[in-house]
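Just so you know, these numbers come straight off a predicted model, no measurement behind them. A note on names: the letters A, B, ... follow the listed sequences, proteins ahead of strands, and every chain is numbered from 1.
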Protein chains: 4
Amino acid sequence: MQLGMVGLGRMGANMVRRLARNGHECVVFDRSAKAVEDLAKEKGVGGSSSLADFVNKLTTPRAIWLMIPAAVVDDTIAEIVPHLQKGDILIDGGNSYYIDDIRRAKELAPKGINYVDVGTSGGVWGLERGYCMMIGGHKEVVEHLDPIFKAIAPGIGDTPRTPGREGEPTQAEQGYLYCGESGGGHFVKMVHNGIEYGIMAAYAEGLGILKAANVGKDTHEIDAETTPLRDPDHYQYDFNMPDVAEVWRRGSVIASWLLDLTASALHGDPELSKFGGRVSDSGEGRWTVKAAIDEGVPAHVLTAALYERFSSRGLADYSDKLLSAMRFAFGGHLEKPAAK
Amino acid sequence: MQLGMVGLGRMGANMVRRLARNGHECVVFDRSAKAVEDLAKEKGVGGSSSLADFVNKLTTPRAIWLMIPAAVVDDTIAEIVPHLQKGDILIDGGNSYYIDDIRRAKELAPKGINYVDVGTSGGVWGLERGYCMMIGGHKEVVEHLDPIFKAIAPGIGDTPRTPGREGEPTQAEQGYLYCGESGGGHFVKMVHNGIEYGIMAAYAEGLGILKAANVGKDTHEIDAETTPLRDPDHYQYDFNMPDVAEVWRRGSVIASWLLDLTASALHGDPELSKFGGRVSDSGEGRWTVKAAIDEGVPAHVLTAALYERFSSRGLADYSDKLLSAMRFAFGGHLEKPAAK
Amino acid sequence: MQLGMVGLGRMGANMVRRLARNGHECVVFDRSAKAVEDLAKEKGVGGSSSLADFVNKLTTPRAIWLMIPAAVVDDTIAEIVPHLQKGDILIDGGNSYYIDDIRRAKELAPKGINYVDVGTSGGVWGLERGYCMMIGGHKEVVEHLDPIFKAIAPGIGDTPRTPGREGEPTQAEQGYLYCGESGGGHFVKMVHNGIEYGIMAAYAEGLGILKAANVGKDTHEIDAETTPLRDPDHYQYDFNMPDVAEVWRRGSVIASWLLDLTASALHGDPELSKFGGRVSDSGEGRWTVKAAIDEGVPAHVLTAALYERFSSRGLADYSDKLLSAMRFAFGGHLEKPAAK
Amino acid sequence: MQLGMVGLGRMGANMVRRLARNGHECVVFDRSAKAVEDLAKEKGVGGSSSLADFVNKLTTPRAIWLMIPAAVVDDTIAEIVPHLQKGDILIDGGNSYYIDDIRRAKELAPKGINYVDVGTSGGVWGLERGYCMMIGGHKEVVEHLDPIFKAIAPGIGDTPRTPGREGEPTQAEQGYLYCGESGGGHFVKMVHNGIEYGIMAAYAEGLGILKAANVGKDTHEIDAETTPLRDPDHYQYDFNMPDVAEVWRRGSVIASWLLDLTASALHGDPELSKFGGRVSDSGEGRWTVKAAIDEGVPAHVLTAALYERFSSRGLADYSDKLLSAMRFAFGGHLEKPAAK
């Protein structure tokens, strides 16, 4: 099957490679002519010099995958649509807000253009592992694209099947899923990332507690501002952080792919000295919380994970100053200098 | 009635003043001879040159109030007890952990010395407003000390009575309360401070949100790492922070004494530029959370308020670095430099 | 000055009364003819039989205050606007989302109708205490309405002035504030309510911890599922809940109007037996969190307070079942029957 | 090597089986004679009729593994110690609080008995997967026991090695780790479980949000108490929960063993109708939070996960009633009946 790919960043380019390896024909476009040129050297990949040229090289009904920053999707759609025909398919494989998917599908419907939203997980590892995909749109359009999704997806691989799942592996077991009407794919991907924030925070907090298990070795002055550690002898451990992450990888309840990555990051740099700890957040974590609020479903953990990232970037500063100001006002408490 | 006061810091000295004003006789001691000398100049106050001298100047059964850092209470008790007699009373008015009160009461019982724990709120304002006191110990001993507590407490004052409370004002209405056996006073005070952390955080977070209500005026670059603000025109407000705090003081549901202090802190320094935002925490907030955990009672808010203080002092750094390291490992995400 | 009031619920009717007491002329309308009839009996109040009649009875430029559920504001505006003239003023004094204010002001501008948004706090106590008001819209329109706001507001009253505030009391000191352009009033009110959620939760959690301070009296069976309380003798307190709330009202750091109400609620019903604990939330708490997220400002406490309300209504049930299912899957843990 | 096992529950019995399979000789004891009899039928396992008999059957220096509820460890040690000799080793493989380990090691040292603490993860799956072990105690004693740990541990298996780890696999890579002096093993296991709570909560919350993604199909009455869903058309999804959990198992960032179990639990029972959602917590989650507090390390996520379990068991009820009581007091808000 033929696919047109717009956006040849890390993920777009690797998806093209997986498709080409599986015998699909790819036509590619990127704002960077260099990116197009490089990828077009690979077998099964054809380049294009402009969006118009790109569209022309595709046979109808066209299947066009956009793998570009969410912020430029609308503009790109606006630019590409005049070149399209009824029956063509636009796939947004980036990190769009599902609410935009609902709107776009509605806007494109009168033109007979089908819009499919695909949430994609896999990061830099997707070329090797395959990409887990969550897909929204009209069922028959998604079914038409099935060969594409199947080639990009991980497949059932070595992962043991879930007990009770027998016979021909389902889509879900091959790592891609039709989730429902427009926006459904990005909704599920959004929550997937929300969960990712929560899991990452769980490891980070826990390892942070292990790292500080030697605080009993510190000495504190006695003053009215600081409560001394009651039992310093309970906190005398210098744990080997890379080994702790490593040991949990086998046989423990908390084994996971994120733990594998954590063990890898800690190995050789137990102090993580090359990181400053200013943690970015992309939209999905925020949108997950907003969905929780709209639905009235409590999400303490996912929200706390998001807020910790805000705090890591210094965004609680005014609030913190207010606390210091109040403490000074009622108790004459002066802030202590930078130290625990 | 006569009271001996050990510890002439901000609170101890002002309590002595309130007692003296109410006609009680005070004998005072402090490690600082200067502090003793200064206070002893005031009417109704007698100084002492050593703990032994201090004890000698008190008539039996002695009532001795310790107003000293929690960390030195045990040592001070050990030093003073040899001078005491059966029937004497030791009052710990500082911020002891109630678990220490239970232990101390047990240790002193065989010697016939009565131990009373008093949680005291009021900070630097107590001289004027009186001190709210929460008291634990044997009922009859606490009753014996009633004139002391009554003098230090705020009294019923201008605060309107709670509907349904009629007749002679109770202890509670005068701002002091017998809470139960040993540790009960500090237990209630501990939770009082836990609540204080939560309320302070509520104001701080809310005012932080108001302060940042102009983020729509910022400009963001478009990249894959940052989600742009969807509706910048919804965040174009430059609120007058001192006036906002002020307007809530009258007629609003969230009027409070802490809000009064906040309004006062913001007036003249809306940016709170003299504070660095490194917020200390004393033991009570921590102990409150531990009690919640032992009891199995969820305390999301009080705990979050405590943790925000930890974060404000940089104590989440290793966890934050782990998050950055994981993001780099799975997505090749590089940290952004210091900026939103 | 003349004001037209639409919506004679608890708050609307009492605002009319405060205006009438201050010599302002009020024309009132409500879907319930009975409500109009009753209020029109009071001095200074005129009734009306329909929206058209209501508008007719007002002199131009009309000042019309809507005190109705947020969900019906748009419909009511649509119904009333055809009767209005250029220069008339519509005031939304309810709990609208500030984003709707921004939209409405834009929609009404071409018709020359001025839109003012007023966040109002005070609840059932406003008749007596006055209403704290946060106001958004064009400055000159808000200034024109000043006599109205002044009459409804609490005024400076007995509350001591913030140190440093001298001379003629400002608006803020009288309990009303011009916050900025359209939506600014409801934005500040929204955050006000977010803070209210946080403060309420702080008291509720803390008092919950005090209530459970007798868990050491329970007896637990020993099994592998439950960790026994290590130190039951640390949790033997039966605190007098009404007295604890009462004692904090005077002299303590956490004295507040919400505490006054709490003391009142606990007095006579310490077990709060007439409440089921299903806590509603209105929109402001949710919107505050969404604003925090858009701004990137951490709001752990305000959000936790919101989620606790969701949980109180059983909205975490599916998540909880998932936890039980996972525990069963990895450890064979069966749920315990209903008990701690 | 020979090992004595006390406690033949799920985990103890399976550990014996793994040891026997690996050619180690096991002597077993349990309060239930039937449990002993059954296991003693298996190859390489010898039974015993009493603790005395059990000890007699072991050669010195004895290695005795206790796999019993944490609450009975101290009593069992007291019972067994009189039968032991200098140089014998007691291993606590259950879920003891590490603080008890520190104490026990100190108490046993004068008798020349070595105490080793082992945190064990693996649950009902350990027989097949092996048990991940975190070990504390004197280094040379732990080294002496190495053959035992090696046999119980998972071994390196199919899990890919962490990049950079080469040569002979380390202990950590085989799924067991010497963590440090007494208590170190249970400390790491404690935090491991704390992390487990956080991860479980992340999945549970996220899946809860997906489950409720059809709330837009509900109809709400308009009243002042409830804010209507602004955009019901954004919440019209009926996601297939088992398939969503399944699709994430391959290629996604959040693949994990807990997700495998979740997918398994949802398959065939998407509504989880056999669970009531009353989630137990064992001690480790609580102790992890207490350690975080002592260390001053923020742990928002791990703590929220713990509190959600408390709430699931109804332990927030008094706090919730207080919120309802306050709302009634300031706004006359009545609770809504059981519904959203």
Proximity breakdown for A:Ala325 and chain B, heavy-atom pairs closer than 4.5 Å: both
Under 4.5 Å from any heavy atom of chain A - which part of B:Leu266: side chain
From CG (B:Leu322) to CG (A:Leu272), nearest 0.5 Å: 5.0 Å
Flag, side chain of A:Arg309 to backbone of B:Asp320, donor-acceptor distance under 3.5 Å: no
Portion of A:Met11 that has a non-hydrogen atom of chain B nearer than 4.5 angstrom: neither
Interface moiety of B:Ser264 toward chain A, non-hydrogen atoms closer than 4.5 Å: neither
Spatial distance of atom CG (B:Asp260) from atom CE (A:Met326) [nearest 0.5 Å]: 12.0 Å
Proximal component of B:Tyr197, with respect to chain A [non-hydrogen, under 4.5 Å]: neither
Gap between atom CE of B:Met241 and atom OH of A:Tyr318 - 0.5 Å precision: 4.0 Å
Atom group of B:Ala265 that falls short of 4.5 Å from chain A, counting heavy atoms: side chain
N/O donor-acceptor pair under 3.5 Å between A:Trp125 side chain and B:Gly331 backbone: no
Proximity breakdown for B:Pro298 and chain A, heavy-atom pairs closer than 4.5 Å: neither
Electrostatic pair A:Asp100-B:Arg230, nearest N-O below 4.0 angstrom: yes
Distance (rounded to the nearest 0.5 Å) between B:Thr262 OG1 and A:Leu323 CG: 9.0 Å
Chain A contact via B:Phe310 - side chain, backbone, both or neither, heavy atoms under 4.5 Å: neither
Within 45° cone of B:Phe275 ring axis and under 6.0 Å: A:Lys321 NZ or CZ: no
Chain A contact via B:Glu284 - which portion, at a heavy-atom distance below 4.5 Å: neither
Main-chain N/O of A:Ala204 paired to B:Ser319 side chain as donor or acceptor, under 3.5 Å: yes
Stepwise side chain to side chain contact (heavy atoms under 4.5 Å, CB included) test for A:Phe330 and B:Leu258: CA-CA 8 Å; A:Phe330 69 73; B:Leu258 279 164; 3.8 Å; yes
Min side-chain heavy-atom separation B:Ser280-A:Arg327 under 4.5 Å: yes
B:Ala316 portion near chain A, given a 4.5 angstrom heavy-atom threshold: neither
Partner chain A: residue of B:Asn95, B:Leu207, B:Asp317 with the largest heavy-atom pair count (under 4.5 Å): B:Leu207
